[in-house]
Amino acid sequence: MRQLGGICDQKIPSRACMLVKSLLELGAREQSALDKVEKLLAGMETRFTKCFVEAQRLGELDSDLDATRLGRRLQAEVMGLRAFAQRDVDSAAVQALAEDMALSIENMRNGAFVN
């Protein structure tokens, strides 16, 4: 998350995730492409979820927390931060939000999570 906070500082043009753009813009006529986008996004969600499951296995994260829900939340936060970075805001604002998100993840350790 912290690395994503520097998205505005990159020399290359920063664009919202092409997968998210595709998800939002593809219609029923492009169902095949939409299915591919959904598959890729589902794969990303699965990778995030697996990280939370592994953290639970290692005892770093309370096993009572829903790893699938946390994976979905993290994906939504990443997608949201990338979209927010497209606004006319300075880099410090994006970095501050990324820091807040990173701290939120860190606060889940050892039962410190609060909804």
Side-chain angles (χ1 to χ4, degrees):
M1 288 305 295
R2 288 183 175 101
Q3 288 179 345
L4 272 178
I7 198 167
C8 292
D9 298 331
Q10 296 175 359
K11 300 280 187 215
I12 58 173
S14 172
R15 301 287 178 244
C17 177
M18 189 58 74
L19 291 175
V20 175
K21 283 184 175 184
S22 297
L23 180 68
L24 296 173
E25 294 175 5
L26 288 174
R29 292 185 308 152
E30 299 95 4
Q31 190 60 48
S32 176
L34 192 56
D35 290 344
K36 289 177 186 177
V37 168
E38 177 56 39
K39 183 178 179 180
L40 290 168
L41 288 171
M44 181 189 312
E45 176 188 321
T46 297
R47 286 191 295 277
F48 288 150
T49 298
K50 285 181 178 180
C51 289
F52 286 114
V53 168
E54 179 66 6
Q56 288 173 322
R57 188 188 70 75
L58 295 172
E60 296 175 349
L61 183 65
D62 187 336
S63 62
D64 290 336
L65 296 174
D66 184 339
T68 299
R69 184 174 174 183
L70 293 174
R72 289 174 177 165
R73 176 182 146 187
L74 180 57
Q75 184 178 40
E77 288 178 340
V78 167
M79 292 163 56
L81 185 64
R82 291 186 63 100
F84 181 80
Q86 297 303 298
R87 293 190 51 217
D88 187 20
V89 295
D90 70 36
S91 178
V94 177
Q95 289 173 345
L97 286 175
E99 179 65 21
D100 290 346
M101 291 174 184
L103 288 172
S104 174
I105 293 168
E106 290 174 349
N107 286 335
M108 286 189 264
R109 293 184 86 164
N110 302 322
F113 180 68
V114 178
N115 273 335

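Keep in mind it's a predicted model, so treat the numbers as computed, not measured.
- Side chains of D35 and Q31 form a contact here, defined as non-hydrogen atoms less than 4.5 Å apart.
- The two residues A98 and L81 make their nearest non-hydrogen contact at CB-CD2, 3.8 Å.
- For the pair E30 (side chain) and S22 (backbone), a donor-acceptor distance under 3.5 Å is absent.
- Between E54 and K50 there is no salt bridge, since no side-chain nitrogen of the basic residue lies less than 4.0 Å from a carboxylate oxygen of the acidic one.
- Interatomic distance, CG of L74 versus CE of M108, reported as 7.5 Å (0.5 Å rounding).
- No side-chain heavy atom of L65 sits under 4.5 Å from any side-chain heavy atom of F52.
- In terms of heavy atoms, V89 sits closest to V94 at CG2-CG2, 3.8 Å.
- Linking Ile, Leu, Val, Met, Phe, Trp and Tyr residues whenever their side-chain heavy atoms come within less than 4.5 Å places L70 and M44 in a single cluster.
- Interatomic distance, Q95 CD to D90 CG, rounded to the nearest 0.5 Å: 8.5 Å.
- Atom CG of L23 sits about 15.5 Å away from atom NZ of K36, to the nearest 0.5 Å.
- Checked options R69, E77, Q75; the residue passing with R73 is E77 (criterion: side-chain contact (heavy atoms from CB on, under 4.5 Å)).
- Expressed to the nearest 0.5 Å, how far CD of Q56 lies from CG of L58 amounts to 10.5 Å.
- Taking each heavy atom of L26 and L34 in turn, the nearest pair found is CD1-N, 3.6 Å.
- The two residues A67 and V53 come nearest to each other via the heavy atoms CB-CG2, 3.5 Å.
- Using modelled atom types, no side-chain atom of S104 and backbone atom of D100 make a donor-acceptor pair closer than 3.5 Å.
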